[in-house]
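Here's the structure, in structure tokens; my notes come after.
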There are 2 protein chains.
Amino acid sequence: MPRQTKQTAKDHAADTDTAAVARLRAFGLRPTRQRRELAGLLFDGCDRHVTAESLHDEATHAGARVSLATVYNTLHQFTEAGLLRQIVVDAARSYFDTNVGDHQHFFHEEDGLLIDIPSQTIAVSNVPAPPEGLAVDRVDVVVRVKRA
Amino acid sequence: MPRQTKQTAKDHAADTDTAAVARLRAFGLRPTRQRRELAGLLFDGCDRHVTAESLHDEATHAGARVSLATVYNTLHQFTEAGLLRQIVVDAARSYFDTNVGDHQHFFHEEDGLLIDIPSQTIAVSNVPAPPEGLAVDRVDVVVRVKRA
DNA sequence: GTGTTTGCAAAGTGTTTGCAATTTA
DNA sequence: TAAATTGCAAACACTTTGCAAACAC
């Protein structure tokens with residue numbers, strides 16, 4: 001297996017880490033071990049929806065030692081930096097989405113599952129002007145779904 | 001001040017209570033003192049948005065002795081009975097709306113304030129079909145607003 | 001070195017629950 | 001009287017925080 005034509009798992013991990021470091025630096029965050037590991041899990045190319053607990057579990061299973069408190073802090077730092085978007089669909093827990101672009105969600109309450117709806121799909125029209133002194137920040141659409 | 005042409009405050013309170021009792025009975029709920037008092041506050045004719053805490057405070061200030069646990073239980077019973085609708089806009093607390101009809105909301109995060117948008121106003125189009133095995137339950141639109 | 005970040009454990013917040021006492025029908 | 005409801009206090013789940021040790025630059 002020639003070194004030049006196929007990466008080893010180790011190479012891939014290293015690349016993922018390099019990408020994470022670059023991304024963190026670009027967003028003004030120190031690339032600490034914990035942030036690199038969490039970023040490696042979150043920004044793997046797919047759009048992802050996580051809760052603090054799900055990400056902590058995933059990190060733990062992946063062998064990354066990160067405390068739950070740090071996961072919470074990191075999710076908020078990433079959100080503040082613009083790497084993540086927080087989504088409110090369930091009073092019980094906070095979800096974070098790696099897709100920070102303009103899009104909406106299906107939410108399956110029974111399973112606590114979020115599914116992206118591409119931005120171009122849904123159209124919201126005739127949003128009235130907000131009350132005096134207020135400006136529209138964002139329009140969130142949540143399509144709540146149930147087992148048929 | 002003729003009794004026949006103008007109601008006293010006491011009469012009004014009695015009427016409110018009579019209406020509350022009728023409403024509770026109609027929805028299959030025993031008209032206990034606490035439920036009558038809370039219903040009297042909630043269903044005064046205006047559309048209202050409350051949290052458990054705000055309603056408990058209001059009840060207390062109105063001289064009604066109701067525990068916070070009972071307010072929580074009552075809000076859920078009213079919701080289950082169809083008298084209220086629960087609204088998820090803030091991960092930190094649950095809001096309940098006395099307007100159970102089809103409508104959407106402005107939400108002012110800074111002040112934790114909800115404002116109704118009439119049902120006919122907003123239009124959501126091109127909601128895609130949900131994933132296999134799931135059916136659309138409801139489409140919630142939250143227009144998040146900020147101080148201009 | 002110096003300022004930042006982490007992790008733990010403790011505290012905090014909103015909410016639910018177990019159960020004896022009370023109330024409704 | 002029988003069944004439903006209440007209130008308290010304790011339990012809960014999720015989240016935040018204070019602070020000493022560890023780390024990045």
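Labels below follow one simple rule: chain letters A, B, ... track the order of the sequence lines, proteins then strands, and each chain is numbered from 1. Please read these numbers as outputs of a predicted model, since none were measured by experiment.
- Within the 4.0 angstrom heavy-atom criterion, no nucleotide atom of any strand lies near A/Ala91.
- The nearest whole Å value for the distance from the CD atom in B/Gln77 to the C1' atom in D/dG7 is 14 Å.
- What separates CG of B/Leu24 from P of D/dA4 is a distance of 17 Å, to the nearest Å.
- D/dC25 and C/dG1 make up a base pair, with Watson-Crick or G-U wobble contacts both under 3.5 Å.
- Checking C/dA20 for Watson-Crick or G-U wobble geometry (two distances, each under 3.5 Å) identifies D/dT6 as its partner.
- One interatomic measurement links the two molecules: CG of B/Leu29 to P of C/dA25, which rounds to 12 Å at whole-angstrom precision.
- Distances shown here put every side-chain N or O of A/Ser94 at or beyond 4.0 Å from the OP1 or OP2 atom of D/dC14.
- The minimum heavy-atom distance linking A/Val100 with A/Gly82 is given by the pair CG1-O, 3.6 Å.
- Across the protein-nucleic acid pair, A/Asp90 atom CG and D/dA13 atom P stand 15 Å apart, rounded to whole Å.
- Because its NZ or CZ atom is both nearer than 6.0 Å to the ring centre of B/Phe43 and within 45° of the ring axis, B/Arg23 counts as a cation-pi partner of that residue.
- In this structure, A/Leu68 atom CG and D/dT15 atom P are separated by 8 Å, rounded to whole Å.
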With 3.5 Å as the limit, what N/O pairs link the protein to nucleotides 17-20 of chain C?
none

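- For A/Glu53, taking side-chain heavy atoms from C-beta onward, the closest of the listed nucleotides D/dC14, D/dT5, C/dT15 is D/dC14.
- No side-chain donor-acceptor contact under 3.5 Å links B/Gln34 and B/Arg65.
- Taking the ring axis of B/Phe106 as reference, the NZ or CZ atom of B/Arg144 does not stay both within 45° of it and closer than 6.0 Å to the ring centre.
- A donor and an acceptor atom, one from each side chain of A/His105 and A/Asp140, are nowhere located under 3.5 Å apart.
- For A/Arg93 and C/dT13, the CZ to C1' distance is 17 Å, given to the nearest whole Å.
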Show your reasoning for whether salt bridge (Lys or Arg N to Asp or Glu O under 4.0 Å) applies to A/Arg138 and A/Asp102.
CA-CA 10 Å; A/Arg138 202 171 68 199; A/Asp102 174 32; over 6 Å; no
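- Atom CZ of B/Arg35 is separated from atom P of C/dT24 by 11 Å (rounded to the nearest Å).
- Side-chain contact annotation: B/Gln86 with B/Thr79, donor-acceptor N/O pair under 3.5 Å absent.
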Tabulate atom names and distances for all N/O pairs under 3.5 angstrom spanning the protein and nucleotides 19-25 of chain D.
residue: D/dC25; atom: OP1; partner: A/Arg25; partner atom: NH2; Å: 3.0

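- Within the 4.0 angstrom heavy-atom criterion, no nucleotide atom of any strand lies near B/His56.
- Checking A/Arg48, A/His49, A/Gln104 one by one against A/Asp116, the side chain to side chain donor-acceptor pair (under 3.5 Å) holds for a single residue, A/His49.
- To the nearest angstrom, P of D/dT5 lies 16 Å from CD of B/Glu37.
- For B/His103 against B/Asp97, the heavy-atom pair with the smallest separation is NE2-OD2, 2.8 Å.
- At most 12 heavy atoms of other shown residues, nucleotides or ligands fall within 6.0 angstrom of atom CD in B/Glu80.
- Contact annotation: A/His76 side-chain N/O to D/dT16 OP1/OP2 distance is under 4.0 Å.
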